[in-house]
4 protein chains.
Amino acid sequence: MNTRKNSGGASAVAGATGGAPPRSGSGAAKRQGTTRRTSSSGSASERRDHLVKLAAELFARKGFQATTVRQIADEAGILSGSLYHHFDSKETIVDEVLSTFLTDLIGRYKTALEQEGDPRAVLSEMVRIGFSTLEPHRAAITVMQNDWNYLRSLPGDRFDYLIRAEDEVERMWVEQIKRGQAEGLFRADVDPKLTYRMIRDTIWVAVRWFRPGGRLNTAGLAEHYVTVLFDGLATGERTSHKA
Amino acid sequence: MNTRKNSGGASAVAGATGGAPPRSGSGAAKRQGTTRRTSSSGSASERRDHLVKLAAELFARKGFQATTVRQIADEAGILSGSLYHHFDSKETIVDEVLSTFLTDLIGRYKTALEQEGDPRAVLSEMVRIGFSTLEPHRAAITVMQNDWNYLRSLPGDRFDYLIRAEDEVERMWVEQIKRGQAEGLFRADVDPKLTYRMIRDTIWVAVRWFRPGGRLNTAGLAEHYVTVLFDGLATGERTSHKA
Amino acid sequence: MNTRKNSGGASAVAGATGGAPPRSGSGAAKRQGTTRRTSSSGSASERRDHLVKLAAELFARKGFQATTVRQIADEAGILSGSLYHHFDSKETIVDEVLSTFLTDLIGRYKTALEQEGDPRAVLSEMVRIGFSTLEPHRAAITVMQNDWNYLRSLPGDRFDYLIRAEDEVERMWVEQIKRGQAEGLFRADVDPKLTYRMIRDTIWVAVRWFRPGGRLNTAGLAEHYVTVLFDGLATGERTSHKA
Amino acid sequence: MNTRKNSGGASAVAGATGGAPPRSGSGAAKRQGTTRRTSSSGSASERRDHLVKLAAELFARKGFQATTVRQIADEAGILSGSLYHHFDSKETIVDEVLSTFLTDLIGRYKTALEQEGDPRAVLSEMVRIGFSTLEPHRAAITVMQNDWNYLRSLPGDRFDYLIRAEDEVERMWVEQIKRGQAEGLFRADVDPKLTYRMIRDTIWVAVRWFRPGGRLNTAGLAEHYVTVLFDGLATGERTSHKA
DNA sequence: GATGAATGAGTGTTCATTCAT
DNA sequence: AATGAATGAACACTCATTCAT
């Protein structure tokens with residue numbers, strides 16, 4: 001999936017879906033091969049990460065396709081050709097953007113699942129985790145929302161890991177919903193898969209309008225959503241409503 | 001907003017946001033100016049609509065930018081240059097795709113609002129309307145989801161009507177939520193605007209995974225969502241959950 | 001092997017190697033599909049052929065790789081992008097250059113073989129045919145000499161027909177040499193395949209230094225070579241020569 | 001002709017064409033300037049020669065232009081920038097490849113000419129010399145065959161020595177052919193220059209298909225060619241052949 | 001209404017080369 | 001001697017758009 005140049009971090013999610021998290025919680029372990037030079041340690045990796053961050057912002061703002069490598073290079077103050085010293089291709093950059101996010105997200109979901117708890121507690125925690133990524137991974141999430149279809153349509157299997165990661169996440173959520181239904185905590189007349197999708201969509205699409213510094217921070221957002229999600233919008237006051 | 005050639009139908013939503021629905025119920029009135037050919041009446045308009053439909057499918061499948069005018073022309077069995085007999089530009093086409101959808105949607109929301117009813121009934125109906133557009137306007141909704149950012153970033157004010165339409169829709173929803181809270185039907189501790197956004201997102205993002213012919217049709221989807229939305233996922237069985 | 005655009009003539013040699021010559025002696029049959037417009041008949045094909053000719057000259061003079069599409073376009077008085085209205089790629093152009101030559105050559109060899117005759121007559125005729133292509137196909141032969149290795153190394157099977165054509169030609173020559181040896185006309189102590197290669201190389205490499213208008217025309221060249229080839233450089237006067 | 005760095009060995013052929021062989025038999029005299037490091041004597045030169053050899057192989061296999069400096073560096077296990085400690089430019093490398101071959105070839109031709117003998121003996125020996133270089137100088141000969149045109153077309157006079165060497169070699173051959181004709185050993189009705197070219201081409205082009213380990217070694221090849229060249233392909237059995 | 005040739009600006013990418021470290 | 005980041009010019013190719021026919 002990765003060529004020489006980006007052997008560092010991109011697309012590691014594919015491995016993550018298999019079982020044990022790769023480099024889980026150790027993003028710092030990247031590119032150990034270049035640590036020969038003890039001084040200015042990690043500068044190569046830092047430069048690379050910086051470029052990825054710049055690119056991610058542009059991808060989020062303008063879309064992957066509408067962002068040119070020249071724009072990325074301009075932002076970094078270098079020439080477009082110089083980007084290719086760090087990355088094989090534009091795709092490699094977005095690959096790194098997305099896989100970094102997915103690796104983090106899945107790692108945190110797994111941690112939540114390991115903290116034994118009743119399904120409602122686990123699910124609330126997963127909702128909170130989702131919203132909590134909105135700020136640190138805003139760009140990546142935006143790209144995933146907007147360019148998912150396009151990236152998936154690219155030839156080759158480079159972005160197949162997107163699907164694999166999606167499937168793994170779905171499995172984790174649906175399992176908890178079903179467990180909650182089995183334990184009588186969640187209403188049995190809702191479809192678990194459908195419910196997961198609605199929750200998922202609600203969280204991620206918030207990236208489109210959420211701006212830090214507004215009335216609610218992401219933690220507030222999460223609580224708001226947990227409230228509506230579990231207890232509903234309605235009070236006890238029932239009225240007739242058209243069926 | 002529109003240049004000569006597409007003076008017929010695109011971007012009509014802008015007018016719709018003003019008040020009375022423009023040409024409501026008179027989609028056939030489009031492009032009266034082209035009746036030069038008395039026989040085969042409306043064939044020009046039909047041809048145009050057909051092209052828009054083909055383009056919409058491609059835009060939805062591959063994204064607006066990734067779709068070339070040549071692909072649209074290929075699909076129609078003509079050469080790319082010939083498309084410019086019907087449309088000024090590629091943007092004109094997507095403009096027509098989106099505005100057709102928004103005109104329909106806003107018109108139906110207005111009808112629902114005119115049918116007096118308690119807020120829960122109105123809101124349920126609006127949810128149902130939203131889901132009911134998923135099939136007939138699948139392509140347009142997909143484009144709006146995926147290419148919104150890009151289209152908005154284009155120079156000029158051509159797509160400003162997207163924002164205006166969005167604002168008008170938001171006003172309609174938020175009004176009903178507030179009314180429901182005022183009448184004690186909806187819990188008062190939720191933020192109306194935030195709640196609207198979550199409802200909105202949940203409906204539209206479903207276009208990404210909804211496929212006709214699955215377990216649930218859009219009506220079923222709507223009921224499912226109305227259930228969770230109003231009454232919550234939880235049963236009465238409360239358990240402690242991590243705050 | 002060919003994409004839409006160059007469905008006309010390129011790479012037809014592949015078929016030729018199978019058996020009956022395709023469009024043999026009917027280069028005019030190209031692009032019949034575009035003859036709908038009876039007036040300005042074949043102008044599309046002519047334009048295309050003209051561009052191929054210009055490109056062939058440049059390929060021959062500077063090498064395939066060293067020739068840029070801009071140079072070809074400049075030569076034709078158009079912009080480089082406009083070339084892609086006629087050809088899929090730079091490779092398509094050189095493909096057409098080479099396959100046109102090979103189709104012609106193989107067709108003429110076949111005609112010679114059909115004219116029954118003793119092997120010496122047939123072989124002389126084949127030598128003459130070879131030399132006679134030097135002028136009309138000078139550019140193509142030059143490209144084949146210089147860029148053969150590179151074109152063969154290109155990914156995909158696009159230029160596999162070069163090998164197939166080479167093999168077919170070798171078969172024709174070797175057959176005649178063997179027949180001549182069997183009939184006692186040619187010395188039996190030479191290797192047929194080796195001898196073919198030496199004849200072949202001698203003919204084609206002449207393209208490097210042959211310039212029309214010199215002392216000898218290609219017919220003279222052919223006779224000169226036939227003389228040396230069959231009867232040797234030496235007179236009867238034998239002297240000792242270091243073994 | 002050469003810039004600082006490769007003042008050692010490249011392009012020495014130019015001098016050779018003047019008269020006395022330059023440093024003939026003293027290849028070890030190269031790069032005396034680098035003897036700064038008294039220990040590991042000649043290691044710099046050896047490293048350099050190794051790099052030239054690696055590059056020559058790549059040039060031969062893929063062509064000069066299609067070979068990137070990065071590929072050469074990869075092959076040597078260093079980075080492309082590091083190559084510039086040894087060579088001024090990519091051209092300097094190929095310069096060294098070709099001039100080394102030409103120096104060797106011309107030196108051996110001269111030795112043959114000094115060994116007095118009748119023209120047939122000398123010519124046979126020159127043929128043998130040519131074929132004998134096929135193995136040790138395979139890469140250089142291949143490059144010369146394929147990239148001659150391109151290298152000659154480069155701006156500047158850097159590769160003018162190729163022409164000068166070619167001319168010198170031609171003079172040597174033609175002289176012997178003419179001498180043979182004058183002495184009645186060779187048929188008088190062949191053109192000496194033309195004959196030389198045919199012999200030359202036949203020898204060098206063999207590099208394209210000759211592979212060591214086949215049926216014939218280069219010595220066998222030489223004898224085969226000498227046989228056909230002097231005595232012809234035909235036996236005494238004459239038949240009519242189309243004029 | 002449609003063709004087909006052309007435009008012109010732009011795309012991602014390549015690559016020989018430079019140079020501070 | 002070698003690294004690795006960067007350059008800068010060039011490359012093949014794309015594509016929305018124009019326009020004479």
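Chain letters run A, B, ... following the sequence lines, proteins first, then strands; residues in each count from 1.
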Worksheet entry | The single option from C/Arg48, C/Arg158, C/Lys53 passing salt bridge (charged side-chain N to carboxylate O under 4.0 Å, His left out) against C/Glu96 | C/Arg48
Practice prompt. With the side chain counted from C-beta on, respond yes when B/Phe64 and B/Asn146 share a heavy-atom pair under 4.5 Å apart, and no when they do not.
Written response: no
Item to complete: Let me have DNA chain F in dot-bracket notation, would you? Count Watson-Crick plus G-U wobble pairs, both distances under 3.5 Å, and use [ ] for pairs crossing earlier ones and | for inter-strand partners.
Response: .||||||||||||||||||||
In whole angstroms, how far is the [atom2] atom of [N] from the [atom1] atom of [X]?
| X | N | atom1 | atom2 | answer |
| --- | --- | --- | --- | --- |
| D/Ile72 | E/dC15 | CD1 | P | 12 Å |
| D/His50 | F/dA2 | NE2 | P | 11 Å |
| A/Gln71 | E/dG12 | CD | P | 8 Å |
| D/Asp95 | E/dA16 | CG | P | 17 Å |

Does OP1 or OP2 of [N] have a side-chain N or O of [X] closer than 4.0 Å?
| X | N | value |
| --- | --- | --- |
| A/Ser82 | F/dT7 | yes |
| C/His86 | E/dA6 | yes |
| C/Arg70 | F/dC13 | no |
| C/His85 | E/dA5 | yes |
| D/Arg48 | F/dA1 | no |
| C/Tyr84 | F/dT14 | no |

Worksheet item: When you match B/Ala66 and D/Leu83 each to their closest nucleotide on DNA chain F, which lands nearer the 5' end?
Response: D/Leu83
Worksheet, complete the sentence: 5'-most contact on DNA chain F (nearest-nucleotide basis), D/Leu79 vs C/Glu91, goes to D/Leu79
Worksheet entry | Among E/dA6, F/dT17, F/dT3, the one nearest B/Val69 by side-chain distance | F/dT17
Worksheet, complete the sentence: Quick note, B/Lys90 side chain, CB onward, closest among E/dT3, E/dT7, F/dA16 is F/dA16
